[in-house]
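These values consider heavy atoms only, across backbone and side chains, with no hydrogens, waters or symmetry-generated copies. Within every chain, numbering begins at 1; the chains are lettered A, B, ... in the order of the sequence lines, protein sequences first and strands thereafter. Source: prediction; values computed, not measured.
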Number of protein chains: 2
Amino acid sequence: MSRKYVFAFEEGDGKNKKLLGGKGAGLCEMTQIGLNVPPGFVITTEACLDYLESESGRLPDGLMDEIGEHMKAVEKATGRKFGDSDNPLLVSVRSGGALSMPGMMDTILNLGLNTQTLQGLIKQTGNERFGYDAYRRFIQLFGKVAMGIPDRPFDETLEAIKVKTGALSDLDLTTDDLKEISDLFLHVVEENAFRPFPEDPDEQLALAVKAVFNSWMGKRAVDYRREFNITPDLANGTAANVVAMVFGNMGNDSGTGVGFTRDPATGENHMFGEYLVNAQGEDVVAGIRTPKPIMDMAKEMPDLYRQLEDLRTKLEKHYREIQDFEFTIEKGVLYCLQTRNGKMNAAAMVRTSVEMEAEGILSKEEALLRIDPQYLEQLLYPGLDPNYDAEPLAQGLPASPGAASGKCIFDSDRAETEGRAGEKVILVREETKPEDIHGFFAAQGILTSRGGKTSHAAVVARGMGKPCVAGAEGIRVDTEHRQAQVGDKVIHEGDVITIDGATGNVYLGEIPTVEPEFSEQLHVLLGWADEVSRLGVRANADTPEDARRAREFGAVGIGLCRTERMFNDPQRLPIVVEMILAQDLEQRETFLNQLQEFQRSDFKGLFRAMAPHPVTIRLLDPPIHEFLPYEFELLGQLQDLKQLKTSVRYAQQLMNGVKQIDAAFQVTVLEGLAKMPIDLSELEPAAIDAAIRRKELMLQRARALREVNPMLGHRGVRLGITNPEIYTMQVRAILEAAAECVKEGIEVHPEIMVPQVSSEAELSCVKKHVMAAKEEVEAAYEVTLDFKFGTMIEVVRACVTADEMAEVAEFFSFGTNDLTQATFSFSREDAENKFLPYYHEIGIIQENPFEALDVKGVGPLMKMAVEAGRRVRPDLKVGICGEHGGHPGSIRFCDSIGLDYVSCSGPRVPIARLAAAHATMNEHSRDR
Amino acid sequence: MSRKYVFAFEEGDGKNKKLLGGKGAGLCEMTQIGLNVPPGFVITTEACLDYLESESGRLPDGLMDEIGEHMKAVEKATGRKFGDSDNPLLVSVRSGGALSMPGMMDTILNLGLNTQTLQGLIKQTGNERFGYDAYRRFIQLFGKVAMGIPDRPFDETLEAIKVKTGALSDLDLTTDDLKEISDLFLHVVEENAFRPFPEDPDEQLALAVKAVFNSWMGKRAVDYRREFNITPDLANGTAANVVAMVFGNMGNDSGTGVGFTRDPATGENHMFGEYLVNAQGEDVVAGIRTPKPIMDMAKEMPDLYRQLEDLRTKLEKHYREIQDFEFTIEKGVLYCLQTRNGKMNAAAMVRTSVEMEAEGILSKEEALLRIDPQYLEQLLYPGLDPNYDAEPLAQGLPASPGAASGKCIFDSDRAETEGRAGEKVILVREETKPEDIHGFFAAQGILTSRGGKTSHAAVVARGMGKPCVAGAEGIRVDTEHRQAQVGDKVIHEGDVITIDGATGNVYLGEIPTVEPEFSEQLHVLLGWADEVSRLGVRANADTPEDARRAREFGAVGIGLCRTERMFNDPQRLPIVVEMILAQDLEQRETFLNQLQEFQRSDFKGLFRAMAPHPVTIRLLDPPIHEFLPYEFELLGQLQDLKQLKTSVRYAQQLMNGVKQIDAAFQVTVLEGLAKMPIDLSELEPAAIDAAIRRKELMLQRARALREVNPMLGHRGVRLGITNPEIYTMQVRAILEAAAECVKEGIEVHPEIMVPQVSSEAELSCVKKHVMAAKEEVEAAYEVTLDFKFGTMIEVVRACVTADEMAEVAEFFSFGTNDLTQATFSFSREDAENKFLPYYHEIGIIQENPFEALDVKGVGPLMKMAVEAGRRVRPDLKVGICGEHGGHPGSIRFCDSIGLDYVSCSGPRVPIARLAAAHATMNEHSRDR
């Protein structure tokens with residue numbers, strides 16, 4: 001028994017896209033829920049595969065008979081007859097696989113036209129020009145798709161007629177011209193195909209079905225499937241949909257249009273769309289006439305408008321989603337030709353979710369699940385005005401979201417000056433350093449030509465919520481001459497540029513931006529999310545200001561406060577440098593005491609801003625050489641100073657009358673002087689010597705601290721153990737701040753977190769100092785402190801020995817940035833600049849593991865750590881504070897291994913809240 | 001019922017060191033195997049603990065009664081009586097815990113002496129002076145140990161008498177002097193202890209037992225236990241051993257001596273030792289008389305010598321180990337006072353093992369097990385003459401074993417020149433680079449002032465088997481002035497120094513070294529080891545010469561050939577540099593083709609040298625910037641060139657008669673010229689410009705290749721994927737070399753190994769290229785190639801995803817150096833220079849994880865990888881080629897997780913063979 005190859009729209013299974021293709025299944029579903037769809041049927045993907053596999057090149061046995069049966073049904077439903085010269089039935093034959101591959105496969109319209117039926121069509125429409133126009137289009141399209149004739153001879157013929165008649169466009173062609181063209185086109189076919197154009201509609205139909213099937217293996221389609229990795233298990237073969245043609249141009253009771261069930265720009269609950277009376281869909285596309293807003297239809301065709309409203313209700317009720325649909329009205333009858341989920345901006349998604357829940361269309365869960373968490377990003381950062389069209393000047397990595405415009409400024413001091421003067425500024429550097437921090441504060445955004453998404457610039461900018469484009473390698477920054485070069489173009493300091501941290505694009509000039517909205521509906525939606533979520537969402541925040549913003553975004557605690565950020569404040573950095581240069585412990589402690597004052601008040605501010613939520617403070621993490629200038633820089637400064645010294649001596653000689661020095665030499669020396677903005681007469685040689693000695697000391701220190709692989713070097717707990725005075729200072733600052741808060745009646749829950757821990761012994765060593773400080777502070781302030789002591793889990797060994805860690809730590813927080821680096825042995829900065837983009841291009845990685853948690857490699861280590869830790873300490877609190885904490889896919893994984901919370905940058909908190917809710921709901925649906 | 005606190009030597013369990021202490025158990029064992037031990041008994045550690053725990057400060061109830069019983073037995077056995085004035089029994093009371101703590105606790109001799117028994121002692125020995133001397137010593141020792149009187153008042157009293165009598169040493173004191181001293185000492189006791197010296201021997205005994213027990217908690221003992229981590233489960237409390245005194249000074253039929261059952265210097269099978277007639281043990285220590293070789297006793301006291309020979313046989317038969325024993329002869333009766341396993345050098349250990357097996361004393365297994373594998377090191381590398389006493393000038397890290405002397409030379413070019421001229425040379429550098437490789441070849445050894453045990457210098461030296469001391473930070477190398485400074489001392493180029501790579505010591509001048517011996521017996525012993533071992537032992541070898549040496553050491557294959565070493569050859573490095581500087585792929589391939597020629601012939605040599613054993617070749621691993629000079633260096637060279645250009649111009653002006661230039665300036669410029677060994681008249685300005693351009697190109701390339709963390713950067717498979725032409729070249733060279741060998745009838749088993757792999761996708765990508773090359777080479781040579789394709793497992797993610805890896809790889813080889821770095825997030829070079837020594841000092845780590853495999857952190861990852869890999873591919877071959885492959889403890893772990901082989905540097909192969917045998921035997925003994 002042969003299988004069934006053809007399904008009428010009334011009988012096909014609307015869920016079986018694999019068999020019927022997406023379009024076919026949709027037509028079946030629409031028909032079966034009672035929408036008025038033009039009659040038709042689907043020829044299955046199985047028929048396609050059987051045809052493609054047969055060596056005969058013939059359609060499967062019996063298929064044409066089955067099609068014939070179904071054509072009869074269509075004839076009956078439409079009251080027209082295929083091949084009839086009086087009231088002919090015309091059909092379209094449309095391709096459509098299981099997955100959408102827009103434009104990749106073929107479709108034929110108006111099939112059934114021939115010299116006879118053409119007259120019937122003219123009679124039906126009362127429009128001879130339309131008839132001939134349709135006819136010549138059909139000949140060309142059929143000739144191309146079903147008979148393999150290229151467009152060129154058709155186009156040349158058409159062009160020749162236009163030249164002859166003086167027609168400027170197709171619209172200028174008369175009915176007679178079109179008649180002539182139709183005749184000529186029939187000749188083109190005959191000449192190129194060595195056979196006449198098929199007059200027999202049944203032959204047309206058979207050829208069209210074959211052509212549609214063949215287009216599955218067309219080059220465009222094959223390339224597309226490879227590009228988007230569409231494998232046979234996802235989609236195999238195309239269906240062919242045969243649909244009765246309906247015409248919107250059969251008079252003033254006909255028309256065509258597109259509609260949205262709600263306004264896709266705002267989400268407002270009213271129909272939105274456009275229509276044309278007495279027109280075909282292609283008229284809209286061709287731009288011949290301007291369509292009217294759909295609201296006008298209420299007055300113009302009130303009866304039809306009611307039908308449309310009815311359609312809108314049916315669609316939303318059935319699909320439970322905003323629909324984007326196409327319709328045609330043929331002689332007062334409304335046909336729905338297509339419908340699909342409507343694309344909307346994030347604001348509209350949020351509004352419709354909240355309102356459809358209120359209307360009882362969606363449950364809260366469904367209202368949450370229909371929004372991709374990542375999609376909220378556009379609500380949380382300013383973006384470029386989407387209506388503004390501009391060509392980017394250069395592209396870098398999208399390192400911190402948001403968009404900003406301002407004057408290019410090439411150093412942080414000047415950025416600060418300009419910023420204070422009220423100028424909008426973009427800080428442009430080759431790469432940034434901690435000493436640039438005041439430039440960050442002053443700037444609207446940051447642009448660098450080197451470094452990846454964890455470069456200093458990227459991390460600091462994300463922390464501050466400022467836009468950043470990093471590693472725009474096409475830009476050559478020339479700080480000395482205060483300019484940058486992109487290809488031949490030179491950007492001078494002060495020129496205005498715009499950066500888009502969401503795309504990495506850099507533009508010349510100012511481009512308008514749109515500000516983010518945090519609507520009431522978003523609050524409502526995220527409130528529902530919080531009710532559902534198992535995971536808590538905290539924020540990474542380094543300052544009281546960050547903390548306040550994070551609360552507004554809905555964070556229920558701080559998951560990571562990077563204390564070193566406080567070191568970088570311009571007021572403090574000099575003290576930090578002195579601390580590093582200190583010759584002995586006593587000297588060092590003097591400077592540490594000064595820092596302790598600062599840190600205590602910072603922490604107090606943080607506790608206040610976040611009370612009564614917990615605040616996790618990480619002790620110093622980076623290697624201390626990061627607080628010193630680069631060796632290269634110091635070397636340069638030292639050389640400058642030495643040259644200055646020589647030049648001063650030389651200048652004095654000149655002033656003393658030694659005149660006969662080689663002129664070229666004079667120039668060289670004076671040029672050297674000119675670079676330095678110093679009045680020579682003010683220079684004390686002794687001062688220069690002192691400056692030289694100091695630079696030499698810094699250089700010596702920088703060299704002693706130099707490391708081959710700083711990421712794996714003397715940092716974090718290793719530094720805390722070899723130099724316990726630093727951690728002791730920080731711990732005291734934390735506990736004293738907490739004690740002062742307690743005295744003021746503020747509820748505080750500090751969590752002291754140690755970075756880079758690789759063994760229980762390291763952690764215990766730090767804990768001893770912490771407990772000693774606790775006793776001292778409690779005694780001094782006469783309070784009892786309630787705090788937790790825990791560890792980052794960012795070293796592989798900490799995962800492997802998590803049971804031992806949990807003996808000492810009351811909480812774990814995964815630092816998945818470093819953990820990913822260690823698991824892959826990839827240095828992120830090097831990888832993102834050197835080989836990761838290529839890895840992605842050739843498919844060695846699917847996603848950047850620094851953005852999407854590597855569930856296969858890093859994931860098992862995390863799982864191992866959670867399980868081992870909880871075996872030893874069942875109430876172990878476990879969170880994540882790496883950047884993955886704000887990535888929806890990664891949040892799903894964190895939920896699945898039982899973490900207690902995720903922590904991310906402030907503006908990502910809403911995204912994480914929604915993602916956390918999704919994770920819980922998806923888990924429940926898996927459980928069911 | 002109270003427990004039994006006292007055991008006679010005849011009844012105590014010789015195995016129960018915990019209860020009886022090591023010394024007590026030994027005395028029991030000796031007694032029970034029939035050796036003539038002076039009668040005595042052990043008071044248990046339990047008695048000690050009960051005493052220490054009691055708050056009364058009294059000995060446990062009944063203890064003194066039990067002791068009294070046993071004293072009676074001793075009196076009976078000796079025929080003497082405790083406290084008797086005629087024939088008194090004197091005893092020693094000796095401490096002794098379960099573990100040896102030499103000198104940390106107290107012992108009292110000659111207990112029982114008082115004014116009465118002293119006369120008996122004099123009668124027994126016939127030596128009044130001896131009697132009084134023993135008496136005054138007893139008073140002081142007992143006073144100090146049992147009564148808490150410091151040495152000072154005793155010493156002052158003794159000194160006063162010596163001044164009075166004019167005695168220069170104790171030996172000059174007469175019997176009368178000693179009588180006077182004894183009297184005065186009794187006064188000292190009475191004055192300091194506020195009681196008379198106890199005359200009652202029973203009271204003496206009780207006080208002595210208490211004193212011995214108390215010494216367990218003495219400061220010295222407590223410190224010692226903490227230092228060596230002796231916890232209560234290992235040793236808790238001390239026993240007190242009460243032993244009858246025997247005297248070797250009772251006439252010419254008495255004597256004392258020490259013996260070895262075999263010669264500890266050579267292992268020869270004859271008794272070895274020294275003795276004195278009519279003397280006490282302390283006479284030997286005091287150096288009063290020179291002892292005679294024990295062979296003399298055969299003539300002098302033939303009967304006693306036979307008894308000694310008998311003792312020797314009994315000892316070896318019972319202990320099945322060379323014994324180091326002490327004896328005393330009292331009136332013709334031989335007493336054995338102590339015996340323990342003899343300490344021997346490695347050569348003697350090997351000889352005795354082989355001979356004792358032949359004699360039937362030991363099984364082969366026992367013969368193998370008694371030798372610590374690490375101990376063989378002294379047989380495999382030259383070492384400093386142990387008889388030569390010298391003070392080290394400085395100390396660095398022991399980076400590659402062996403010792404060498406030679407002239408200090410500060411750069412590799414000069415080292416090569418001197419080396420060719422037949423001079424012995426030590427290359428001294430701040431740190432070394434690949435371009436120093438010819439200096440390594442020329443030098444006897446390498447000394448650096450920077451870098452750890454994986455610095456370039458250390459790794460290359462170990463690979464070549466040359467001694468190296470690295471990171472001797474006390475030495476300031478000043479290449480410019482061709483000298484080095486250590487404190488105030490200046491070492492000039494050409495001064496002779498000696499380095500000891502086993503200790504890290506550096507000496508001024510030449511110190512004699514002793515060459516290693518690879519004796520016939522060692523061959524026999526290692527043959528036995530190979531019969532036993534489950535693990536194979538391969539060598540890491542980069543050249544045919546290395547491979548030949550490795551075979552001599554018994555390697556059964558090459559586990560790691562580092563192809564980049566071949567790049568560093570002075571002939572090739574320029575080609576490598578050109579390859580890196582190439583502007584396009586075509587240019588690059590020209591240079592790669594040249595390299596391929598070299599590599600093919602290298603590999604052929606290697607295959608030949610190792611046939612028919614397998615040879616594992618690792619494709620290029622380091623980042624390519626390692627083959628370029630440092631940026632700093634290039635910058636300096638560029639500055640020099642620019643200065644040169646200026647100077648030439650200036651010099652020409654001088655020659656052209658511009659005379660009146662500031663004299664100081666002339667000096668500056670001419671000094672600049674003087675530093676460059678160039679004849680100015682030969683300089684073409686155009687040549688300088690060309691050199692400048694080239695340096696600029698190199699600098700630009702070096703900057704583009706610069707990485708933040710090179711260890712985690714663009715290297716290994718990542719480089720192989722982004723630049724497939726490099727790996728393709730190497731793979732072709734390997735396969736062509738193999739094909740040529742096959743044609744010549746040589747059996748070859750190449751194993752192509754990919755480094756730094758983190759995902760199956762990377763490995764598959766390389767495999768495609770390998771299989772393509774295979775087809776080409778097989779076709780071109782008309783042979784079938786038999787080789788394996790596999791991967792290093794040195795990235796954590798490779799361990800976690802080992803199942804996927806094993807789908808593609810036919811073998812795994814653990815690179816535990818990098819794996820350890822990634823697991824700890826420690827950069828070895830930084831860690832060993834910056835914080836690991838301190839971690840070790842304060843006990844955060846017990847062993848350097850880069851020397852001893854970290855079984856707790858790295859171990860589980862390895863185990864996981866082996867298990868997952870073998871699940872997928874049961875015949876997966878797994879080895880280790882990190883440095884741990886030559887470390888005995890790590891080899892034991894490798895055996896336990898089922899590895900197939902270990903691979904280590906050539907000279908460590910014998911150590912690894914023995915360690916592998918130990919591992920198998922220990923595993924079997926665990927199984928039993």
(message) Counting only non-hydrogen atoms closer than 4.5 Å, does B:L705 touch chain A with its backbone (N, CA, C, O), its side chain (CB onward), both, or neither?
(response) backbone

(request) Name the member of B:Q756, B:H714, B:R715 that forms the most heavy-atom pairs with chain A at distances under 4.5 Å. (result) B:H714

(message) Need one label for A:L719: side chain, backbone, both or neither, based on atoms under 4.5 Å from any heavy atom in chain B.
(response) neither

(message) Please rank A:P710, A:P860, A:A822 by heavy-atom pairs under 4.5 Å with chain B and give me the top one.
(response) A:P710

(request) Answer with side chain, backbone, both or neither: which region of A:T823 has an atom nearer than 4.5 Å to a non-hydrogen atom of chain B? (result) both

(message) Does A:R703 have more than 12 heavy atoms from other residues, nucleotides or ligands lying within 6.0 Å of its CZ?
(response) yes

(message) With a 3.5 Å distance limit and no angle check, can you tell me whether B:K834 reaches the backbone of A:G713 through a side-chain donor-acceptor pair?
(response) no

(message) At a heavy-atom distance under 4.5 Å, which candidate from B:E707, B:R706, B:R718, B:K856 has the highest pair count against chain A?
(response) B:R718

(request) Sort A:E804 into side chain, backbone, both or neither according to what part of it lies under 4.5 angstrom from a heavy atom of chain B. (result) side chain

(request) Could you check which of A:E794, A:E762, A:R797 has the highest count of heavy-atom pairs closer than 4.5 Å to chain B? (result) A:R797

(request) Please identify each residue that fulfils side chain to side chain donor-acceptor pair (under 3.5 Å) with B:S825, with sequence neighbours left out. (result) none

(request) Report the distance from atom CG of A:L836 to atom CZ of A:F850, rounding to the nearest 0.5 Å. (result) 6.5 Å

(message) Which one wins on heavy-atom pair count under 4.5 Å against chain A: B:I844, B:I842, B:D818?
(response) B:I844

(message) Which atoms of B:D854 are under 4.5 Å from chain A, going by heavy atoms: the side chain, the backbone, both sets, or neither?
(response) side chain

(request) Can you tell which part of B:S827 gets under 4.5 Å to a heavy atom of chain A, answering side chain, backbone, both or neither? (result) both

(message) Which atoms of A:Y838 are under 4.5 Å from chain B, going by heavy atoms: the side chain, the backbone, both sets, or neither?
(response) side chain

(request) Below 4.5 Å from any heavy atom of chain A, which atoms of B:T722 appear? Answer side chain, backbone, both or neither. (result) both

(request) Please test A:E867 against A:K863 for salt bridge (charged side-chain N to carboxylate O under 4.0 Å, His left out), starting from the C-alpha separation and ending with a verdict. (result) CA-CA 6 Å; A:E867 289 172 357; A:K863 191 155 183 272; 3.5 Å; yes

(request) Drop me the distance from B:L634's CG to B:L699's CG, to the nearest 0.5 angstrom. (result) 5.5 Å

(message) Using heavy-atom distances under 4.5 Å, tell me whether A:D830 contacts chain B through its side chain, its backbone, both, or neither.
(response) side chain

(message) Under 4.5 Å from any heavy atom of chain B, what part of A:I845 do you find: side chain, backbone, both or neither?
(response) neither

(request) Using only heavy-atom distances, determine whether the side chains of A:N709 and B:Q821 contain a donor-acceptor pair under 3.5 Å. (result) no

(request) Tell me, for B:F824 versus chain A, whether the close heavy atoms (under 4.5 Å) come from the side chain, the backbone, both or neither. (result) both

(message) If I take atom SG from residue A:C799 and atom CE from residue A:M862, how far apart are they, to the nearest 0.5 angstrom?
(response) 8.0 Å

(message) What's the separation between atom OG1 in B:T801 and atom CD1 in B:I793, rounded to the nearest 0.5 Å?
(response) 7.5 Å

(request) Let me know if A:A831 has heavy atoms under 4.5 Å from chain B in its side chain, its backbone, both or neither. (result) neither

(request) Indicate yes or no: at least one non-hydrogen side-chain atom of A:M792 is less than 4.5 angstrom from one of A:V757. (result) no

(request) Drop me the distance from A:L620's CG to A:I726's CD1, to the nearest 0.5 angstrom. (result) 6.0 Å

